[in-house]
Amino acid sequence: MRPSNRRAAAGALALFAVAALAAPAVAERPSGPGRGHAGEAAPKVALFGSTCRTSVRGSRVVAYCHNPYPVSDIVRLHTECDRWWDIDADGSPVEVGPAQTVRLTDRCWKEVRRAWVSHHRM
């Protein structure tokens with residue numbers, strides 16, 4: 001065999017080996033939608049949580065949160081300031097309804113060390 005044919009044969013062998021390893025995992029999946037192995041209904045996954053974009057510019061923090069799900073979400077902006085004498089802040093909770101976007105803002109006197117948004121179910 002030529003070297004290029006050997007590489008192709010080795011690649012095909014590797015592909016078949018990976019497919020053979022993946023086949024048992026595919027075969028163990030439930031047969032129907034929402035069905036377990038014994039015919040029981042699988043637990044439903046509750047979709048929850050807003051998608052938030054947080055940006056820091058100097059001493060100001062702005063977060064935009066959008067909720068694409070049908071259940072309301074309560075979001076809260078937390079700001080940790082860099083200076084030891086600057087007071088860290090936890091914003092007030094804001095409800096984000098279905099298909100709604102909210103804007104959360106906060107600031108420090110000087111630099112911002114960290115900023116994040118927490119989520120809670122209603």
Side-chain angles (χ1 to χ4, degrees):
M1 274 186 164
R2 292 184 181 172
S4 61
N5 289 341
R6 287 182 188 161
R7 278 190 223 127
L13 183 63
L15 180 65
F16 288 125
V18 170
L21 290 174
V26 173
E28 293 177 12
R29 289 186 183 163
S31 59
R35 296 286 178 190
H37 290 289
E40 299 173 0
K44 292 184 179 179
V45 177
L47 299 177
F48 165 77
S50 302
T51 303
C52 297
R53 290 186 332 241
T54 306
S55 65
V56 176
R57 288 192 181 209
S59 63
R60 298 189 183 274
V61 179
V62 177
Y64 290 95
C65 296
H66 176 72
N67 183 10
Y69 301 115
V71 179
S72 293
D73 183 15
I74 296 177
V75 294
R76 190 173 192 180
L77 179 63
H78 305 275
T79 306
E80 185 177 314
C81 300
D82 197 29
R83 308 294 176 132
W84 65 269
W85 46 264
D86 206 349
I87 298 173
D88 298 341
D90 295 325
S92 57
V94 177
E95 180 182 352
V96 185
Q100 187 178 25
T101 301
V102 296
R103 180 178 186 245
L104 308 168
T105 61
D106 199 6
R107 68 180 300 267
C108 294
W109 283 101
K110 291 280 188 174
E111 299 87 11
V112 175
R113 178 177 295 169
R114 292 189 311 159
W116 67 95
V117 177
S118 63
H119 303 266
H120 300 283
R121 289 186 183 270
M122 286 227 22

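- D86 places no side-chain N or O within donor-acceptor distance of the main-chain N or O of C108, the cut-off being under 3.5 Å.
- Here L77 contributes atom CG and L104 contributes atom CG; the two are 5.5 Å apart, rounded to the nearest 0.5 Å.
- Looking at every heavy atom in both residues, D106 comes nearest to A89 through OD2-CB, 3.1 Å.
- Side-chain heavy atoms closer than 4.5 Å link hydrophobic residues (I, L, V, M, F, W, Y) into clusters, and following such links, possibly through other members, connects V117 to V56.
- Residue pairs that meet the side chain to side chain donor-acceptor pair (under 3.5 Å) test with at least one member in residues 56-71, sequence neighbours left out, are Y64-R103, H66-T101.
- Under the 4.5 Å side-chain criterion, counting only non-hydrogen atoms from C-beta, H119 is in contact with S50.
- Listed by chain and residue number, nothing satisfies the ring pair (Phe, Tyr, Trp, His ring centres under 6.0 Å) test with W109 (two or more places apart in sequence, or in another chain).
- Between S72 and Q100 the shortest side-chain heavy-atom distance does not fall below 4.5 Å.
- F48 has its side chain within reach of D73: a pair of non-hydrogen atoms, C-beta onward, lies under 4.5 Å apart.
- Atom CG of D88 and atom NE2 of H78 lie 11.5 Å apart (nearest 0.5 Å).
- Residue pairs meeting the salt bridge (charged side-chain N to carboxylate O under 4.0 Å, His left out) criterion with at least one member in residues 111-122, sequence neighbours excluded: E80-R113, E80-R114, D82-R113, R83-E111.
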